[in-house]
Structures are given as structure tokens and as C-alpha cells.
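Convention: sequence-line order gives letters A, B, ...; per-chain numbering from 1.
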2 protein chains.
Amino acid sequence: MIKAKIETACTECALSRLCLPVALSTEDVESLEEIIDRPKPLSRGDYLYQAGDAFEALYVVRSGAVKTFTVDSGGTEQITGFYLPGELFGLTGINKPAQNTTAQALERTNLCVLPYDDLDRLCSDVPSLARQIMKVMSDEIREDHALLTLVSKKRAEARLATFLLSIAQRLKRRQLPDESFQLSMSRSDIGNYLGLAEETISRMFTRFQEDGLLAVQRKQIDLIDRDGLQAVCDS
Amino acid sequence: MIKAKIETACTECALSRLCLPVALSTEDVESLEEIIDRPKPLSRGDYLYQAGDAFEALYVVRSGAVKTFTVDSGGTEQITGFYLPGELFGLTGINKPAQNTTAQALERTNLCVLPYDDLDRLCSDVPSLARQIMKVMSDEIREDHALLTLVSKKRAEARLATFLLSIAQRLKRRQLPDESFQLSMSRSDIGNYLGLAEETISRMFTRFQEDGLLAVQRKQIDLIDRDGLQAVCDS
DNA sequence: CGTCTTATTGATTCAGATCAACGACGGTGG
DNA sequence: CCACCGTCGTTGATCTGAATCAATAAGACG
């Protein structure tokens with residue numbers, strides 16, 4: 001009974017498939033479940049934590065969306081990630097005195113919070129949990145490298161096409177509609193993330209629409225020709 | 001006696017200060033020391049591992065220099081890091097079936113190899129070691145974000161100036177000359193890393209020299225006006 | 001219903017890529 | 001030891017993708 005209850009809880013917040021290590025035993029999942037906190041929903045624009053705050057927890061999006069960004073010494077903002085339902089973030093703070101990024105809700109958002117003190121204690125007892133966290137961190141590093149390649153080597157249209165297909169793929173993984181969806185971030189956010197001006201993002205959307213690759217109406221995106229978009233990614 | 005011997009070994013390869021967790025006890029260091037392999041030196045151009053190879057180990061540069069790079073589906077190469085003496089790399093392979101990056105020696109290079117099977121076993125017994133590895137991984141993520149900001153938001157001169165000061169700082173940390181040094185990578189490598197053409201790197205070097213910021217002769221760099229270079233970083 | 005933010009579109013500019021040629025060094029073999 | 005060749009770096013000329021500047025339009029929200 002307890003087992004069933006736990007599985008339901010985790011299924012709800014998407015941890016079960018996407019976040020929880022398959023290697024964990026039922027008892028381990030139970031221990032993890034005990035430390036998870038589910039605070040009340042955040043509104044658009046709310047901060048989860050800001051640069052300089054003490055590092056306290058890892059987070060998983062249950063619904064909604066979050067962006068993280070850094071601000072360098074010269075005041076330049078760089079969005080480092082968008083997080084959709086089922087995705088884990090907050091790793092850059094791990095074993096550090098303070099956060100160096102800021103995390104902000106892009107829309108009404110529900111989270112799971114994994115307090116790090118508890119998680120760390122659990123890691124000592126359950127080596128496979130530590131292993132899983134390392135795996136997630138190395139995933140993050142690989143994704144950062146892919147993003148670097150995108151920004152450093154590809155043209156504007158390839159950057160945006162890759163971004164859109166990545167969003168679609170992640171929605172699909174979460175079994176959300178991936179053909180027709182609402183972007184939760186602004187053109188300016190997308191541009192910041194991809195190293196482009198917001199005007200350029202706007203122009204590329206217009207061009208993709210003219211080329212019959214997608215239909216766009218403000219934040220509403222309908223993918224029409226995925227193969228076509230995929231082809232644009234390699235230009 | 002044994003203790004003295006171990007300390008010497010680790011001091012030699014720079015692990016003691018830069019790589020080893022301060023939190024480790026002497027016995028733990030001893031255990032770690034036991035699993036470290038020091039293979040014969042690599043020549044310029046030698047590969048340590050290539051994309052697709054099984055993930056086997058983490059590496060620390062003892063002397064020389066290494067670059068790592070990814071190749072995406074379209075064949076685009078992206079250098080993801082240069083590693084100098086005392087620096088740890090190979091983390092992107094952790095808990096993955098295979099490497100997705102390639103690592104290549106830029107000059108005659110000596111390494112410490114930390115076989116992952118052994119390291120992982122040790123992590124189960126010594127939680128602070130797992131914690132230290134996570135810390136190094138989160139460092140890597142932060143550095144990747146800083147690089148992304150550099151490539152995505154800064155002009156060519158700021159990118160190169162930041163790169164040079166970063167190299168100098170890392171050499172200094174290792175107590176190597178940081179005012180006058182040899183770059184081990186080509187202009188083309190620097191350009192690839194920073195998202196610029198090699199001609200642009202060349203031109204920026206010439207400009208910096210004209211502006212009295214440094215003296216450059218092929219790979220030999222002499223920093224003259226560090227404050228000036230620092231100022232260029234924020235342009 | 002008016003105001004404020006976000007998105008679109010057009011005109012112009014500019015940083016850096018690309019194309020092209022040459023020069024300098026370093027390694028190799030005679 | 002020197003001459004040759006190949007790679008790497010420099011410099012110049014031109015081109016171009018995307019930024020910037022500027023104006024308007026369309027939602028969103030109180």
C-alpha cells in the first residue's frame with residue numbers, strides 16, 4: 001500500500017521515469033520520497049533562488065517552466081537553461097558555498113524540492129544515488145557542450161530550429177503535445193540563450209513560417225515540417 | 001615513511017593541492033594513491049580516448065597539455081576544453097556507456113590516470129570523495145557557462161583577452177611562469193574554442209601587440225599590460 | 001479602455017567570415 | 001648541415017549575416 005502510494009506520488013511529479021535512478025530499490029525510493037518537499041506554486045517572475053543565496057536544494061519541475069541565468073562581472077546576463085516538466089536543475093550550486101545562477105519561474109510553476117543536506121546524507125548510504133547524480137551532472141555538461149557548438153558554429157536559423165526541435169523532443173518525452181505547444185519564454189529570452197538579438201529570432205520565425213516549416217502566432221508554435229526543420233539544423 | 005612517499009608522489013603530479021579533496025584523510029589519500037596509474041608520456045597528437053570508446057578513467061595532466069573536442073552529427077568540431085598541468089578532465093564520460101568527446105595531447109604530455117571502476121568503488125566507502133567529484137563537475141558546469149557567455153555575448157577582442165588571462169591565471173595557480181609562456185595550441189584551435197576564425201585570432205594578437213598589451217612571437221606570449229587586457233575583457 | 005510590454009518589420013551599419021596570397025618556421029631527408 | 005617541403009601564421013580585400021537603430025503593431029493587463 002505504502003509502495004503504491006509512493007509510486008503514485010513520484011509518477012505525478014515525473015520523477016519516476018525521468019529523475020529517479022532505475023537502479024534504486026523500492027526502499028531507497030521511499031527514503032528519497034521522504035525528503036522531497038512540494039512547496040506551493042510559484043507565479044510568473046518569482047525567483048526560486050538568486051546568485052549569492054546559499055545552496056540548499058536541487059529542484060525538479062512538476063508543471064510550468066523555469067529559466068536559470070548568470071550575471072557576469074560586467075553585468076552581462078546569460079540564460080543557461082530552460083527547464084520543462086520532469087527536468088532537474090540546480091546542479092551548479094552543488095558543494096559550493098553559494099549559488100552563482102538565478103532561477104526564475106517563466107509561468108505558474110510547481111516544483112519538487114530536494115533539500116541537499118538530506119540528499120547528501122542519503123548519498124552516503126546509497127552509492128547508486130550518488131552515481132545517478134553524477135550521471136545527471138555529466139548529462140548537463142554534455143548538453144552545455146552541444147549548446148556551445150550551436151552558438152559558436154551555427155547560423156541563426158540553425159540555432160533556432162535546433163532549439164525548437166529540442167523543446168519538442170523534451171515535451172514528447174514527458175508525453176505532452178509536441179506538435180503544437182506554447183513557448184513560455186519571450187523572444188528576448190530565446191535570443192539571449194542562443195546568442196542572437198530578439199529581432200533576429202522574430203525574423204527567423206517569420207522566415208520559417210514563409211517556408212512552411214511551422215505556424216507561429218506569438219508564443220503558440222505548430223510544427224508542420226519537422227524534416228524540413230531538421231534539415232535547417234545542419235546548414 | 002609510507003606517508004611521506006605518498007605525499008611526495010601526489011605533490012609531484014599536482015594532485016595534492018588542485019585535485020585531491022582537502023577533506024580526505026591520510027588513509028583515504030593512500031587508497032586513492034593506490035589506484036592511480038602513471039602511463040608513459042604521450043607525444044603531440046596522440047589520442048587518450050576517442051568518441052565511442054568505452055569510458056574507463058578520469059585523467060589529470062602532470063605536464064604538457066591536452067585538448068578535448070566533440071564532433072556533432074554534421075561533422076562540426078568543437079573544442080570543449082584545454083587542460084594544463086594539475087587539471088582534471090574526462091568527466092563527461094562518467095556513468096555513460098561511451099565517451100562522446102575525443103582527447104588529444106597538444107604536446108609531449110604526462111598524465112595520472114584514475115581508473116573509474118576503482119574510483120567508483122572508493123566513492124562508496126569514502127563519501128567525501130564522491131562529494132569532491134561532484135564539486136569538480138559543478139565547477140566544470142560553471143566554467144562552461146562562463147565560456148558560453150563569452151562566446152555568445154562578447155566581441156572577438158574580449159574573447160581572446162579573457163582566454164589569455166585565464167591561461168595565465170591557471171599557470172600561476174600551478175606556480176608556473178604566468179607572465180611569459182608558450183601556448184601549446186594553434187591559432188586555429190583557439191579560434192575553434194572561442195567561436196572565431198583563425199585569421200581573427202591572428203589579427204587580434206597583432207592588435208594587442210600594437211596596443212602594447214603584450215608581445216607575441218608565434219606561440220610565445222609575453223603579457224605586458226594585464227590591466228589593459230582586463231579592460232578589454234569588458235568591452 | 002488606455003497603458004505597458006512584447007513582437008514585428010524595415011533601413012542601415014559593422015564585426016567578423018571568407019577568399020586569396022604570402023611569409024616564416026620546423027621537421028625531414030639527402 | 002643544409003635544402004626542401006609542408007604546416008602554420010600573418011596580412012589584405014571583399015562580402016555577408018546579424019546587430020543596431022527606429023518605428024509601428026499587437027496583445028496583455030490593470
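A:Glu198 places its CD atom 14 Å from the P atom of C:dT5, with the value rounded to the nearest Å. The distance between atom CD of B:Gln217 and atom C1' of D:dC8, rounded to the nearest whole Å, is 15 Å. Rounded to whole Å, the distance from CD on B:Gln182 to C1' on D:dC8 is 14 Å. As a whole-Å value, the separation of B:Met204 CE from C:dA17 P is 8 Å. Here D:dA18 presents its C1' atom at 17 Å from CZ of A:Phe205, a figure rounded to the nearest Å. Between the NZ atom of B:Lys154 and the P atom of C:dG16 there is a distance of 13 Å, rounded to whole Å. Remark: P of D:dC8 and CE of B:Met185 are 14 Å apart, rounded to the nearest angstrom. Residue B:Asn192 contributes atom CG, which lies 12 Å from atom P of C:dA17 at whole-angstrom precision.
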Test salt bridge (Lys or Arg N to Asp or Glu O under 4.0 Å) on A:Lys96 and B:Asp139 and set out the steps.
CA-CA 9 Å; A:Lys96 293 297 167 61; B:Asp139 284 342; 2.5 Å; yes
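Residue A:Thr200 has no polar side-chain atom (N or O) positioned under 4.0 Å from OP1 or OP2 of D:dG17. Taking 4.0 angstrom as the limit, A:Arg187 places a side-chain polar atom (N or O) nearer than this to OP1 or OP2 of C:dT8. Here B:Ser188 does not reach the OP1 or OP2 of D:dG9: none of its side-chain N or O atoms lies under 4.0 Å away. Regarding contacts with the backbone of D:dC8, every side-chain N or O of B:Arg218 stays at 4.0 angstrom or more from both OP1 and OP2. Close to C:dA7, at under 4.0 Å from its OP1 or OP2, lies a side-chain N or O of A:Lys219.
Between B:Leu106 and B:Asp189, some side-chain heavy-atom pair lies under the 4.5 Å cut-off. Taking the side chain as every heavy atom from C-beta outward, B:Gln78 and B:Asp72 never approach each other to under 4.5 Å.
At least one donor-acceptor pair closer than 3.5 Å links the side chain of B:Asn192 to the backbone N or O of B:Ile79.
For A:Ala197, whose side chain is taken as the heavy atoms from C-beta onward, the closest listed nucleotide among D:dT20, D:dT11, C:dT18 is D:dT20. Comparing C:dA15, D:dT11, D:dA22 against the side chain of A:Glu199 picks out D:dA22 as the nearest. Here C:dG16 is the nucleotide among D:dG9, D:dT10, C:dG16 with the atom lying nearest to any side-chain atom of B:Arg155.
When each of A:Ile201 and A:Arg44 is assigned the nucleotide of DNA chain D with its nearest heavy atom, A:Ile201 is the one assigned upstream, toward the 5' end.
For the ring pair (Phe, Tyr, Trp, His ring centres under 6.0 Å) criterion with B:Tyr59, the lone passing option out of B:Tyr49, B:Tyr83, B:Tyr116 is B:Tyr49.
Between the side chain of B:Arg203 and the base of D:dG12 there is at least one donor-acceptor pair of N/O atoms closer than 3.5 Å.
As judged by a 4.0 angstrom heavy-atom cut-off over every strand, A:Ser202 is placed among the base-contacting residues. At the heavy-atom level, A:Gly191 lies nowhere under 4.0 Å from the strands shown. B:Leu196 comes within 4.0 angstrom of the backbone, heavy atoms only, and of no base.
Using a cut-off of 4.0 Å between Lys/Arg side-chain N and Asp/Glu carboxylate O, A:Arg226 and A:Glu179 are scored as salt-bridged.
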